[in-house]
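This report refers to the structure that appears directly beneath it.
We number each residue from 1, following the sequence as shown.
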Amino acid sequence: MSITNYTELQAAILAFMTRQTLTGNVTDFITLAEARLNRELEAVEVDATLTGIVDSRSISISSLSMVEPLALFLAETGLDEVELTAKVDGTFPYLDASGRPRYWAIDGTNIDFDRPLNGAYPFRFRYRERFALSIGTPTNWLLTNHPDVYLAACLVWGTVFVRNFGDTSSYKDILDDNMPSLKNIIARKKRAVLTVDPMLQCIGHRVWGN
């Protein structure tokens with residue numbers, strides 16, 4: 001059984017519970033499971049590939065379950081990535097002429113640029129993600145890499161709902177057994193992202209020492 005997206009997760013929950021009559025409740029099991037997962041696990045840093053719209057200064061990120069934006073890179077094919085400068089929305093001049101963007105800001109569920117784009121530029125958006133599957137956001141880092149944990153967390157609530165407490169205990173044990181290793185994986189992933197080139201560390205010490 002493949003469990004790679006929101007729809008397949010729902011099907012797996014119903015299959016494990018052998019309760020196809022719970023179709024109307026299965027999304028609640030997922031929501032409740034995600035409440036615990038988000039409470040116990042740190043937000044994971046992930047990348048999204050975005051494409052700009054010609055003559056528009058905005059890109060919608062409404063489909064992303066974003067906790068915090070981190071960085072935005074212009075990622076044109078065959079060229080080195082260029083990091084754009086993040087600003088607070090409204091604190092930089094907005095230009096009328098289309099061109100290559102220089103600044104960006106978050107405005108609600110959009111990324112806003114300092115000017116309309118003169119091309120359908122590709123971007124890499126780095127952000128911290130919470131776990132919140134939906135039709136618009138059918139997968140995330142945790143479901144892709146650890147579907148067993150996601151499924152167990154959902155089945156805990158599913159079996160509570162039908163008062164099958166023997167199965168609840170079994171699925172809770174699976175979830176509890178996996179949580180420490182999952183927390184360790186996320187912590188290692190975070191440390192890898194935060195690793196600084198030793199030469200840059202030396203430069204920083206020299207600057208502060210002057």
Quiz item: Cation-pi between K87 and F92: NZ/CZ under 6.0 Å from ring centre and within 45° of the ring axis?
Solution: no
Practice problem: Using the six-membered ring of F113, assess whether NZ or CZ of R57 lies under 6.0 Å from its centre and within 45 degrees of the ring axis. | Solution: no
Is it true that [X] and [Y] have a side-chain N and a carboxylate O under 4.0 angstrom from each other?
{"X": "R126", "Y": "E68", "value": "no"}
{"X": "E40", "Y": "K183", "value": "yes"}
{"X": "R36", "Y": "D176", "value": "yes"}

Exercise. Calculate, to the nearest 0.5 Å, the distance between atoms CD and CG belonging to E34 and L41 respectively.
Key: 11.5 Å
Quiz prompt | Pairwise distance CG(N140) to CZ(F131) - rounded to 0.5 angstrom | solution = 6.0 Å
Are the side chain of [X] and the backbone N or O of [Y] linked by a donor-acceptor pair below 3.5 Å?
{"X": "R128", "Y": "A43", "answer": "no"}
{"X": "T23", "Y": "Q20", "answer": "yes"}
{"X": "N184", "Y": "P180", "answer": "no"}
{"X": "D89", "Y": "A105", "answer": "no"}
{"X": "S56", "Y": "I53", "answer": "no"}

Mind checking whether [X] and [Y] have side chains closer than 4.5 Å, heavy atoms only?
{"X": "T51", "Y": "Y121", "answer": "no"}
{"X": "M17", "Y": "I13", "answer": "yes"}
{"X": "L50", "Y": "I61", "answer": "yes"}

Practice problem: Can you tell me which residue pairs pass the side chain to side chain donor-acceptor pair (under 3.5 Å) test with a partner in residues 105-114, sequence neighbours excluded? | Solution: S58-D112
For [X] and [Y], test the side chains for any donor-to-acceptor distance below 3.5 angstrom and give the result as yes or no.
{"X": "S98", "Y": "D55", "value": "yes"}
{"X": "S63", "Y": "T137", "value": "no"}
{"X": "D167", "Y": "N164", "value": "yes"}
{"X": "E129", "Y": "S65", "value": "no"}

Quiz item: Do the two ring centres, one from F161 and one from F29, sit under 6.0 Å apart?
Solution: yes
Quiz item: What about the rings of F125 and F123, do their centers lie closer together than 6.0 Å?
Solution: no
